[in-house]
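To keep things clear, I will list the structure first and then write my remarks on it.
Every chain is numbered from 1 and lettered A, B, ... according to where its sequence line falls, protein lines coming before strand lines.
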Amino acid sequence: MPELPEVETIRNGLSRFVLFKEIKKLVLLDTNLFKGAENDLLKLRKDEFSQIDRLGKALVFSFKKSEKKMIIHLKMTGQLVYFSGKNLKEQAMLAGGHSEKGQNNLDISKFKHLRLRIEFFDNSFLILNDTRRFAYLKLLNIKEFEEVSGKLGVEPLSKGFSLSYFLKILEKRKKNIKAFLLDQSFVVGMGNIYADEILFASKLSPFRSVDSLDLKQKKVLYNNIKKILKLAIKKRGTTFSDYVDADGKSGNFSSVLKVYGRKGQKCRSCNGLVGKTKLVGRGTHYCPKCQN
DNA sequence: CTCGTCACCTGAGCGC
DNA sequence: TGCGCTCAGGTGACGA
Ligand SMILES: [Zn+2]
């Protein structure tokens with residue numbers, strides 16, 4: 001899935017294209033995506049998206065008329081792609097999700113796993129493509145939305161994520177440190193890539209438990225969570241090497257990756273090799289020499 | 001509480 | 001070519 005920096009990049013991209021455009025219809029192409037009543041989707045006709053927010057790794061669409069919130073979680077392979085509707089081959093705009101190799105020519109025929117199409121009256125449209133079909137769309141009323149958001153941890157780039165708060169949630173826990181970073185009920189937004197990168201930057205072994213960290217290490221970890229996520233957002237995510245935004249800029253964090261996906265390659269900080277193991281159910285990349 | 005495992009799905013890559 | 005296996009950016013349920 002896109003992790004926090006990717007979702008933030010998607011949010012920014014989409015906000016430039018789909019806000020305050022009159023919605024024609026939402027065409028559900030895979031009932032796996034949305035389990036609610038399809039009639040609720042039809043009710044959005046002639047409404048408009050008024051705002052797009054990010055909640056952890058999910059996108060939250062608000063409407064001009066409807067009180068409901070539309071939540072889209074892209075999970076592992078979901079993509080949101082905007083098409084202007086004028087020239088399918090040239091004016092498509094990858095506004096989100098993982099880009100795949102050879103996908104820089106965004107002809108719609110390249111998207112083989114369409115799950116949703118949101119059509120606007122000006123003939124532009126947004127598609128949701130998702131190979132593995134883990135992505136979901138939910139339409140929630142305010143109460144349901146607050147229930148969902150209430151279960152999530154703090155936003156790491158918000159004011160609420162203070163050092164003292166971080167130290168507090170680390171207290172009295174024996175959880176594995178990587179499992180802690182991945183657990184969305186403590187701090188949202190980190191996934192497998194950034195957890196590995198943040199632990200490397202902090203010179204902390206992914207095998208450590210939370211209660212083994214001293215104060216200095218906790219501070220370093222805290223600072224790196226913010227630093228790495230901010231840098232990744234600045235680079236517009238790890239998975240956007242083919243992405244070109246409205247200004248024609250492309251960017252990617254993948255060139256900055258230190259350990260993720262670099263098994264067997266030379267560590268960027270020492271002369272050792274990047275190792276890989278399975279930890280808390282996930283492939284985990286680390287440098288055994290640099291991280292203790 | 002914390003961990004491991006499985007499930008949800010599909011496709012890519014690799015060894016044979 | 002094809003088969004079987006492992007792996008993949010996420011998350012939730014279940015049992016030890
Ligand atoms: Zn190293």
Looking at every heavy atom in both A:Val280 and A:Lys178, which two are closest together, and how far apart are they?
CG2-CG, 4.3 Å
Considering only atom P, compute the distance from C:dC3 to B:dC8 and round it to an integer number of Å.
23 Å
Using whole Å, report how far NZ of A:Lys112 lies from C1' of B:dA12.
16 Å
Whole-Å distance separating the CG atom of A:Asp30 from the C1' atom of B:dC9
10 Å
Indicate, with a heavy-atom threshold strictly under 4.0 Å, whether A:Arg282 touches base, sugar-phosphate, or nothing.
base
Can you find a side chain N or O atom of A:Gln184 that sits less than 4.0 Å from OP1 or OP2 on C:dT11?
yes
Could you let me know what B:dC9 is paired to, Watson-Crick or G-U wobble, both distances under 3.5 Å, or none if it's on its own?
none
Can A:Phe253 and A:Tyr260 be said to form a ring-ring contact (aromatic ring centres under 6.0 Å, His included), step by step?
CA-CA 11 Å; A:Phe253 185 79; A:Tyr260 185 85; over 10 Å; no
Consider the side chain of A:His73, meaning its heavy atoms from C-beta on, and name the nucleotide among C:dA8, C:dT11, B:dC3 that approaches it most closely.
C:dT11
Specify the separation, in whole Å, of atom CD1 of A:Ile72 and atom C1' of C:dT11.
17 Å
Considering only side-chain heavy atoms of A:Lys57, which listed nucleotide, C:dG10, B:dC9, B:dG11, is closest?
C:dG10
Could you give the distance separating B:dC6 and C:dC5 at their P atoms, to the nearest angstrom?
14 Å
Name the orientation class of the two ring planes belonging to A:Phe161 and A:Tyr222 (parallel below 30°, tilted from 30 to 60°, perpendicular beyond 60°).
tilted
Please report the distance separating the P of B:dC9 from the corresponding atom of C:dG2, rounded so that it comes out in whole Å.
27 Å
So what does A:Lys276 touch, heavy atoms closer than 4.0 Å: a base, only the sugar-phosphate, or nothing?
sugar-phosphate
A:Ile169 has an atom CD1; how far is it from atom C1' of B:dC1, in whole Å?
16 Å
P-based separation of C:dG10 from B:dC1 [nearest Å]:
23 Å
To the nearest Å, how far apart are A:Phe111 CZ and B:dT10 C1'?
17 Å
Of the candidate nucleotides B:dT2, B:dT10, B:dC9, which contains the atom at the shortest distance from the side chain of A:Phe134?
B:dC9
In whole angstroms, the gap separating P of B:dC8 from CG of A:Leu33 amounts to 18 Å
Which nucleotide wins on minimum distance to the side chain of A:Lys175, given the candidates C:dC7, B:dC3, B:dC9?
B:dC3
Closest non-hydrogen atom pair, A:Tyr286 against A:Lys276:
CE2-N, 4.3 Å
Between A:Lys43 and A:Asp40, does at least one N-O distance fall below 4.0 Å, as a salt bridge requires?
yes
Is the base of B:dC9 touched by the side chain of A:Arg133 through a donor-acceptor pair closer than 3.5 angstrom?
no
In whole angstrom, give the distance that lies between atom OH of A:Tyr194 and atom P of C:dG10.
10 Å
Pick the closest DNA chain C nucleotide for A:Asn192 and for A:Lys278 by heavy atoms, then say which residue is nearer the 5' end.
A:Lys278
Rounded distance (Å) that lies between atom C1' of C:dA8 and atom CG of A:Asp196:
13 Å
According to a strict under-4.0 Å criterion, is A:His113 in side-chain N/O contact with OP1 or OP2 of B:dC9?
no
Contact class for A:Asn32 vs. all strands (heavy atom < 4.0 Å): base, sugar-phosphate, or nothing?
sugar-phosphate
Does A:Arg173 make a side-chain N or O approach to OP1 or OP2 of B:dT2 shorter than 4.0 Å?
yes
Just call it for A:Gly281: base, sugar-phosphate, or nothing, with non-hydrogen atoms closer than 4.0 Å on any strand.
nothing
As a test of understanding, state which of A:Lys69, A:Glu67, A:Gln51 forms a side-chain hydrogen bond (donor to acceptor under 3.5 Å, both in side chains) with A:Ser62.
A:Lys69
Describe, in one word, how the ring planes of A:Phe17 and A:Tyr82 are oriented to each other, choosing from parallel (under 30°), tilted (30 to 60°) and perpendicular (over 60°).
parallel
Which nucleotide in the list C:dG10, B:dG11, B:dG4 gets nearest to the side chain of A:Met76?
C:dG10
